[in-house]
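As a basis for the values below, the full set of heavy atoms in this structure was taken, side chains included, without hydrogen atoms, waters or symmetry mates. Counting begins at 1 with the first residue of the sequence.
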Amino acid sequence: MLKKFFIVGVFTLFLMFGVLTGNAFAQESATPPAPDTGDTAFMLISSALVLLMTPGLAFFYGGFVRSRNILNTLMMSFVLMAIVGVTWILWGYSLSFAPGLPFIGGLQWLGLNGVGLETTGYLEGSVPEEVVSYAGTIPHQAFMIYQAMFAIITPALISGAIAERMSFRAYCLFVLLWSTFIYTPLAHMVWAKGGFLGLYGGLGALDFAGGTVVHISSGVSALVAAIVLGPRKNHPDRLSPPHNVPFILLGAGLLWFGWFGFNAGSALSAGGVATVAFVATNTSAAAGALMWLILEASLRGKPTAVGAATGAVAGLVGITPAAGFVTPLSAILIGFLTAVVCFYAVSFKHKLNVDDALDTFPVHGVGGTLGAILTAIFATTEVNSGGKNGVLRGNFGELFVELGAIAIAYIIAAVGTWVILKIIAATIGLRVKEEMENQGLDINEHGEEGYNSEFGDRINVS
């Protein structure tokens, strides 16, 4: 099987060689319009911040699992930087953002053919005619690599629901297919020119930085994956507490830090809208953490470090679709409300026999859904003239547009994930063997372990 994959990969690269080299020479010889260096620097830094979120997510998730599965959990995030880092260049960006159909992009930018250092004009000839670039002050490739970081972290979020039991080989194949057949259509429909749901000639759904594209899609897919895969063998009778709470706080801190690139960078320039998104992001994260601690202290007696981290992430998820469209006071309300709803969603999940191991759907699925709805309520053109007014400004129709976008995202993510998982189950299988799960995935899937406490590296004192 691996030999076949290798042959197919080499053949694909061979076919792409002419396109890749031709484009490289074209970029070298062309003289593109000069970009705005400040905006370009801002977007490159934002891209790096969003990439940092993936290792942050790895540590956040890794702290929750048992010590025998720490490396496998970390790898489920890190491997996305390798897989999507390549596939985004070969086909992901073209299918997501090239002008094409309302539901999927065209093939003209495969291998970044024609994606160079130009700042404008690369969208000419498609509808709507007035939109000729995604970001007119930065190189096309800067926009492309920024969007690549979103494509990397989104499927990594799903790993929290399937931790400690999915075969790593099956997981790699799953995220390859998911990023191609689930993420790219949703990204195109919401953010691309001519997309069915978006502001560039579509229905006009508001999603500043990924409420539907990132959090709803990954959260719903995580729930479906947890159901299809089935619970861990020790669920729910012998659930283990987090093995490393400092990792959880470290991961949450890195996520909070990187989220400024995630949200403020979505303004695509270093200006007023980026400032609005930056302030809203920090405000909602702080409100989410504060509300979660209040709920724990009031209902359970003690505020916890895990609760503070989870509340901050919930606040960040809730503000993501709204960040560039709402005032700071609205951001506080979004953070508070998202934390409350996610808190009870996590509690309710524990009453069900669905082993979403690290609460991906209660935080990202539920939080992303609520955030999208609250965007339609609190959005105002007073902070972003490029957006739309929401319900509180008299635009009641925006709520129905947003609910339609949410429903479409749910359907695509749920059905698509179920089909992909069933195909993998029928071919290479989904789960590791029971004895491997009991022993731990680190030593069985990767041949190494995080702490060298259970296998090998023992000092012989005899």
Taking all atoms of both residues into account, what is the closest heavy-atom pair of [X] and [Y], and its distance?
X	Y	answer
A339	G288	CB-O, 3.5 Å
W88	A148	CD1-CB, 3.2 Å
H364	L157	CE1-CD2, 3.6 Å
A209	V214	O-CG2, 4.3 Å
I162	A225	CG2-CB, 3.7 Å
S159	S77	OG-OG, 4.3 Å

**OP:** Can you run down the side chain to side chain donor-acceptor pair (under 3.5 Å) pairs that involve residues 306-323, sequence neighbours left out, and say none if there aren't any?
**Re:**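 Passing the test, one end in residues 306-323: W259-T320.
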Subject >> Pairs meeting criterion side chain to side chain donor-acceptor pair (under 3.5 Å) with involvement of residues 174-195, two or more places apart >> reply: W91-T180, S126-K193, W178-S221, W178-T417
Subject >> H140 ring center near Y93 ring center (under 6.0 Å) >> reply: yes
**OP:** Indicate, with yes or no, if the rings of F400 and F396 have centres closer together than 6.0 Å.
**Re:**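 No, they do not, as the ring centres are separated by 6.0 Å or more.
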Original post:
Of the options L255, I153, L254, which is the one that meets L52 in a side-chain contact (heavy atoms from CB on, under 4.5 Å)?
Top reply: L254
Can you tell me how far the [atom1] atom of [X] sits from the [atom2] atom of [Y], to the nearest 0.5 Å?
X	Y	atom1	atom2	answer
I334	L329	CD1	CG	11.0 Å
I216	L186	CD1	CG	9.5 Å
N389	E382	CG	CD	7.5 Å
F378	T327	CZ	OG1	8.5 Å
T54	L74	OG1	CG	12.5 Å
Q147	M43	CD	CE	7.5 Å

Treating [X] as the side-chain partner and [Y] as the backbone partner, does any N or O pair qualify as donor plus acceptor under 3.5 Å?
X	Y	value
D356	L223	no
S284	T281	no
E402	A376	no
S94	L90	no
D207	T212	yes
N72	D442	no
Q141	V115	yes
N282	F278	no
N384	V273	no
E164	R66	yes

Original post:
Partners of Y171 by ring pair (Phe, Tyr, Trp, His ring centres under 6.0 Å), sequence neighbours excluded?
Top reply: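 Checked Y171 against ring pair (Phe, Tyr, Trp, His ring centres under 6.0 Å); zero matches.
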Original post:
Only one of D359, D355, T360 clears side-chain hydrogen bond (donor to acceptor under 3.5 Å, both in side chains) with K349; which?
Top reply: D359
Original post:
side-chain hydrogen bond (donor to acceptor under 3.5 Å, both in side chains) with E437: which of R431, R165, R232?
Top reply: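 Option passing the side-chain hydrogen bond (donor to acceptor under 3.5 Å, both in side chains) with E437: R431.
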With heavy-atom distances below 4.5 Å as the criterion, would you say the side chains of [X] and [Y] are in contact?
X	Y	answer
M144	I89	yes
M149	S46	no
V326	T375	no
N444	V432	no
V419	F181	no
M166	F174	yes
L173	R169	no
I411	I408	no

Original post:
Between F262 and F150, does a ring pair (Phe, Tyr, Trp, His ring centres under 6.0 Å) hold up when you go through it step by step?
Top reply: CA-CA 8 Å; F262 201 83; F150 283 70; 4.3 Å; yes
Original post:
How are the rings of F325 and F208 set relative to one another: parallel (under 30°), tilted (30 to 60°) or perpendicular (over 60°)?
Top reply: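 Because their plane-to-plane angle is over 60°, the rings of F325 and F208 count as perpendicular.
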**OP:** For the residue pair F143 and Y134, categorise the inter-ring angle as parallel (less than 30°), tilted (30 to 60°) or perpendicular (more than 60°).
**Re:**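 Answer is parallel, since the angle falls under 30°.
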**OP:** Evaluate side-chain contact (heavy atoms from CB on, under 4.5 Å) for I138 paired with Y146, printing each intermediate quantity in order.
**Re:** CA-CA 11 Å; I138 65 173; Y146 177 69; over 6 Å; no
Original post:
Run the side-chain contact (heavy atoms from CB on, under 4.5 Å) check on I406 and I373 step by step: do they pass?
Top reply: CA-CA 9 Å; I406 292 170; I373 294 172; 3.7 Å; yes
Subject >> Derivation of the side-chain contact (heavy atoms from CB on, under 4.5 Å) call for T154 and S217 >> reply: CA-CA 8 Å; T154 303; S217 67; 3.8 Å; yes
**OP:** Begin with the C-alpha distance, continue with both residues' side-chain angles, and end with the deciding distance and a verdict on side-chain contact (heavy atoms from CB on, under 4.5 Å) for L199 and K388.
**Re:** CA-CA 10 Å; L199 294 173; K388 299 164 69 176; 3.9 Å; yes
